[in-house]
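If you're wondering where the values come from, they're calculated on a predicted model, not measured in any experiment. Each chain gets a letter, A, B and so on, in the order its sequence line appears, and its residues count up from 1.
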Number of protein chains: 2
Amino acid sequence: MSYQAPVKDMLFCMTELAALDRIATLPGFEEAGIDTAQAVLEECARFNEGVIAPLNTEGDKHPSSWKDGAVTTTPGFKDAYRQYAEGGWQGLQHPADLGGQGLPKTIGAACIEISNSANLSFALCPLLTDGAIEALLTAGSEELRKTYLPRMVSGEWTGTMNLTEPQAGSDLSLVRSRAEPQSDGTYKIFGTKIFISYGEHDMAGNIVHLVLARVAGAPEGVKGISLFVVPKFMVGDDGSLGVRNDVHCVSIEHKLGIKASPTAVLQFGDHGGAVGYLVGQENRGLEYMFIMMNAARYAVGVQGIAVAERAYQKAVAYAKDRVQGRPVDGSLPGAGAIIHHPDVRRMLLTMRALTEGCRAMALTAASAYDTAHAHPDAQVRERAQAFYEFLVPLVKGYSTEASVEVASLGVQVHGGMGFIEETGAAQYLRDARILTIYEGTTAIQANDLVGRKTARDGGALAQAIAGEIEVTETALVRCDSEAAHAVAARLAAARHAFLDVVDFVAIRGKSDPNAVYAGSVPYLMLAGNLVAGWQLGRALLVAERKRIDSDDAEFMHQKIALARFYADHVLTRVPGLRDSIVDGARSVNHFVPEAF
Amino acid sequence: MSYQAPVKDMLFCMTELAALDRIATLPGFEEAGIDTAQAVLEECARFNEGVIAPLNTEGDKHPSSWKDGAVTTTPGFKDAYRQYAEGGWQGLQHPADLGGQGLPKTIGAACIEISNSANLSFALCPLLTDGAIEALLTAGSEELRKTYLPRMVSGEWTGTMNLTEPQAGSDLSLVRSRAEPQSDGTYKIFGTKIFISYGEHDMAGNIVHLVLARVAGAPEGVKGISLFVVPKFMVGDDGSLGVRNDVHCVSIEHKLGIKASPTAVLQFGDHGGAVGYLVGQENRGLEYMFIMMNAARYAVGVQGIAVAERAYQKAVAYAKDRVQGRPVDGSLPGAGAIIHHPDVRRMLLTMRALTEGCRAMALTAASAYDTAHAHPDAQVRERAQAFYEFLVPLVKGYSTEASVEVASLGVQVHGGMGFIEETGAAQYLRDARILTIYEGTTAIQANDLVGRKTARDGGALAQAIAGEIEVTETALVRCDSEAAHAVAARLAAARHAFLDVVDFVAIRGKSDPNAVYAGSVPYLMLAGNLVAGWQLGRALLVAERKRIDSDDAEFMHQKIALARFYADHVLTRVPGLRDSIVDGARSVNHFVPEAF
């Protein structure tokens, strides 16, 4: 089954939910209107459907391999990456003066979805390069920026994030890699980093590692961590590649999924020290890394949507093709395609509702990001930034948890064939399973949502968002549509549940952290569920307005029905989550560690 | 991490929830009291922990392999199977006059859990033999029984179920394999069967295939299917093995999980016809196969509990060992084991609550089965049989869906390590993923629950079960325990939701099947959730009574707290499911097949 990018739904989300027309009035984005969006998405679809998607199965069958320190990527990847770079895709969202196209995230995010639907393993490489570019743009010296950024933006070189060490995963305070200052202003880096995606590969001329390490004498904990650029090959003043730096890939992992993406163990400084260049100031490394990590977290959320979309398309194709069983309503004389069975449609619609809901949420968040970066009014920027930051853990946490559910349903739709690897449905489940883990597990996202995004301001922003949801409800109630009324009722119930939980988090956060954190992930799931459902509610309002005169009456009718499906089958999970959070902490905390 | 059979919890369930003392008063089970149960379980634990469990990773790394029609199982499997047979484990639940031990299912089911926790791939072979024995016991001629059963009960020969064909999976009416009557009373069988677990292997002297096929001239559909015994090797009158029969394994599948278990494509009759022996009467094959399938469905539910238990134990061990992050309540001066984090405990407790809830439900069902088979009073037998049959789709459907959730949480607890295959957590997820598919997908179980188990009697049995749940609620309310009151309230809410859905199914089942079947799987999940929670509520009542004087005060306290956890974190899903079922059909059925 070939992948077809959902360009139409993406353009609908951009124009109707993410206000692309307003984004296109912001300084720097004047050319990023709907016509540009459509042209870029169609070209992106063409390239990824044709070149990248066919390598997805290949990467699963023939993972990247390691020999004597070198990693050979899946056959076809190197050439595909060359085409990716030549097509200018790496620079899509990056500044024009560095060779990029300077497009808004609202458009860029959709392109990232397309490339990740095509091939999650492949697209992870540019995703990490994007993050490294962000970090250097924000915190790198003029010299570092000049040396590295143009070649990263062009895709000639790729970037990595080196955070994790065997003893330091979610808890970066435990990082032990060390950096010794040299007289020439550089540092020598020593240590072991694990789980480094594309930490070594053969697709690009150089690899720019961004590495967390401690300078001798730095404070304990996260306040003593600095960020360094450690290139695989040294770079001369003229930009030429020099000798190999002292960073080596000692092995790659044997993983459940995304097998084509090499996950490296990197050894720094076993032969005298790897040359590193300080990014920004000493001991502020975590702060800079968070720039990179926040970009990557958002993008991983989009990976979730991407793999969900691909799993959905495959399941639909199978359900239309596989003949088995007579429809329960007797509408066919004998056995029909399994899509005639209500339960198969329920599974497919659950997949689609989660995918489209998360896409709408992600593109709405991207629009806020663009506003926060380009709007001339500081207050508008600040509000948009706060809204974006509230949404990031939801885009990351909820979309990826949803992607595992969607991919698992995709297996189920295929029945016994789903369990056979050659079918391909199982690969999506295996691939998706990393997404709730890397770039911060769902629990880490939930900590962010609880601590920085909710408790810190006493729940004020969360309540303000609930206020906006209520505005949508009011519009739905006023709409002459049974579906709109049904959705409004579910949204209201979910919003009230959300407000209860926000109060619980804001009030109890300090006094009883064990109680609040016992419900942190359910809170994230509740909030993500609600915000995605809200976006589908907004979509319904648009569709009710457009369904009469539109050339796309059927598309609009489906938007209406899908919002209702989401309300009745997904938003219905919310009140129960509220109960688990508000009433459920006691039983969690009854079990002290010794009770297991 | 080594597996330790949860013998204590199993004995608690048997004695306190499944009335083993009453079972041991039934004719034939007089020796099956608590002492026997304990001795059998401890020996079963010893054997499986020591011999079978260590082969689990091995089977994943070195799956069974096919060459020239022969299947070589994972190194170690053949010898382990010999020990399994010699230990008499295959005969545990089978009649003493055939060489079995004649133990009740209430004890046998716990043993099946243990062997499947140890090694799902390995234990699948005896599980299928059990089913084949059941079918021959019930429907086989005296001669077939004499020829095959003693050697199957001893484990010398194994059995298979040959149902599926490329075009006939869930829909057996499409079976095309054919049987040609011969003058000597045998049949010649022709056709292709797929997905035949242990359809070919090297662990036993012979393989007894039970095969569905159509006799020439039989009616179309399921009423024209007959059941045949087709041995791999012909059996002489003296029981000696003769020539190879014309059934050949042409390939085995490359699967997501249970890789050690060979999944065969079997070709019957390519060299003149495979000799088959009719089981029972012509055209009643599906009826006989359902004997086998119902036994297997129950057992697959137990497989779900088994893999969930194993995943839970592994996750607990990791969570106690892995140091990462300071507890949010500041109870440790620095980083502690991750089990100190409330969200990790919430995940572990979700795993444990689902596992113990499903185990309690399965053992309660087993007790009903034993009563239905051995009670002297026909009315009691009939009531017990009806209760058992209501529970089978829940044990199969809910326990296996839960097992996927549990195994996926197990991966999540391990963080990045969970995605690395060497860790082993991912194998449980891959293995578990078949359980909601084989022996009838969750949707097939749900069809059974909706049609035969609920709509047929107008919901009467379901309502009677709700009445029993209400009795438990009343006892909980009368109990001087805050936890009991909390559980009673959640049970009551869930029971009311259940009754709403039962009404919906009973009333609308005929008039609007599309509406009812759009909610069939959510109904199964609701009912399974409720019945498992009910059993944990019953366990709480016992524990409240026993916690004072018991030597096991801590065990009893944990039973109480776990019931409350289940109530607040799992039963809370039920009201939302009710809403999806009762209000959610319209949006499912709005999407006609062409709308995808």
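Neither the backbone nor the side chain of A/S331 comes within contact range of chain B, judged by heavy atoms closer than 4.5 Å. Contacts between B/K320 and chain A at a heavy-atom distance below 4.5 Å involve the side chain alone, from C-beta outward. With a 4.5 Å cut-off on non-hydrogen atoms, A/M417 touches chain B through its backbone and its side chain both. Both the backbone and the side chain of B/I434 come within contact range of chain A, each with at least one heavy atom under 4.5 Å from a heavy atom of that chain. Within the 4.5 angstrom heavy-atom criterion, atoms from both the backbone and the side chain of B/V328 approach chain A. With a 4.5 Å cut-off on non-hydrogen atoms, A/S173 does not touch chain B at all. Both the backbone and the side chain of A/S408 come within contact range of chain B, with heavy atoms under 4.5 Å apart. For A/Y438, no part sits under 4.5 Å from any heavy atom of chain B, backbone or side chain. For A/H590, the part lying under 4.5 angstrom from a heavy atom of chain B is the side chain only. Residue A/Y566 does not touch chain B at all, counting heavy-atom pairs closer than 4.5 Å. With a threshold of 4.5 angstrom between heavy atoms, B/I258 approaches chain A through its backbone and through its side chain. Contacts of A/P593 with chain B are made by both backbone and side-chain atoms, with heavy-atom separations under 4.5 Å. Both the backbone and the side chain of B/F419 come within contact range of chain A, with heavy atoms under 4.5 Å apart. Contact annotation for B/T423: neither backbone nor side-chain heavy atoms come within less than 4.5 Å of a heavy atom of chain A. Residue B/V404 touches chain A through its side chain alone, counting heavy-atom pairs closer than 4.5 Å. Both the backbone and the side chain of A/V411 come within less than 4.5 Å of a heavy atom in chain B. Within the 4.5 angstrom heavy-atom criterion, only side-chain atoms of B/E482, from C-beta onward, approach chain A. Contacts of A/L562 with chain B are made by both backbone and side-chain atoms, with heavy-atom separations under 4.5 Å.
When all heavy atoms are compared, the tightest approach of B/V570 to B/N529 is O-ND2, 2.9 Å. The two atoms that bring A/S403 and A/L435 nearest to each other are OG-CD1, 3.8 Å, heavy atoms only. A pairwise comparison of heavy atoms in B/S587 and A/L349 identifies O-CD1, 3.9 Å as the closest pair. Pairing each heavy atom of B/I437 with each of A/G416, the nearest pair is CG2-N, 3.4 Å. Heavy-atom minimum distance, B/R346 versus A/V588: N-CG1, 4.0 Å. Nearest heavy-atom pair across A/L174 and B/V323 is CD1-O, 4.3 Å.
Contact annotation: the side chain of B/I196 never approaches that of B/V265 to less than 4.5 Å [non-hydrogen atoms, C-beta and beyond]. Side-chain contact check for B/K259 versus B/D431: every heavy-atom pair is 4.5 Å or farther apart.
Highest contact tally toward chain B, considering only A/R352, A/E554, A/R573, is held by A/R352 [criterion: heavy-atom pairs under 4.5 Å]. With chain A as partner, the option from B/R586, B/H340, B/H341 having the largest number of non-hydrogen pairs under 4.5 angstrom is B/R586. Chain B forms more heavy-atom pairs under 4.5 Å with one residue of A/A443, A/P327, A/A426, A/G169 than with any other, namely A/G169. In terms of non-hydrogen atom pairs under 4.5 Å with chain B, the most contact-rich of A/G221, A/P513, A/G334 is A/P513. The choice from B/V582, B/L571, B/V521, B/L577 that makes the most heavy-atom pairs within less than 4.5 Å of chain A is B/V521. Ranked by heavy-atom pairs under 4.5 Å with chain B, the list A/A585, A/P522, A/A337, A/A567 is led by A/P522. Highest contact tally toward chain A, considering only B/E405, B/E422, B/E253, is held by B/E422 [criterion: heavy-atom pairs under 4.5 Å]. Between chain A and the options B/Q558, B/Q167, B/H557, B/M347, the largest number of non-hydrogen pairs under 4.5 Å is found for B/Q558. The greatest number of non-hydrogen atom pairs below 4.5 Å with chain A, out of B/Q427, B/R433, B/H414, B/R564, is found for B/R433. Taking A/L429, A/V574, A/N589, A/T441 one by one and counting their heavy-atom pairs under 4.5 Å with chain B, the maximum is reached by A/N589. With chain B as the partner, the residue from A/D583, A/V592, A/D512 showing the most heavy-atom pairs under 4.5 Å is A/D583.
B/Q445 contributes no side-chain N or O that, together with a main-chain N or O of B/L524, makes up a donor-acceptor pair within less than 3.5 Å. A/S580 places a side-chain N or O within 3.5 Å of a backbone atom of A/G576 that can act as its donor or acceptor partner. For the pair B/D171 (side chain) and A/G325 (backbone), a donor-acceptor distance under 3.5 Å is present. Side-chain N or O atoms of B/R322 include none that pairs as donor or acceptor with a backbone N or O of B/I338 at under 3.5 Å. Between the side chain of B/D60 and the backbone N or O of B/G257, no donor-acceptor pair lies under 3.5 Å. With hydrogens and angles ignored, the 3.5 Å screen pairs no side-chain donor or acceptor of B/R326 with any backbone N or O of B/G336.
A salt bridge links A/R490 and B/D579; the closest N-O separation between the charged side-chain nitrogens and carboxylate oxygens is under 4.0 Å. Using a cut-off of 4.0 Å between Lys/Arg side-chain N and Asp/Glu carboxylate O, A/E421 and A/R430 are scored as salt-bridged.
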Practice item. Applying side-chain hydrogen bond (donor to acceptor under 3.5 Å, both in side chains), run through B/T442 and B/E401 and close with a yes or a no. Key: CA-CA 8 Å; B/T442 307; B/E401 292 285 347; 2.6 Å; yes

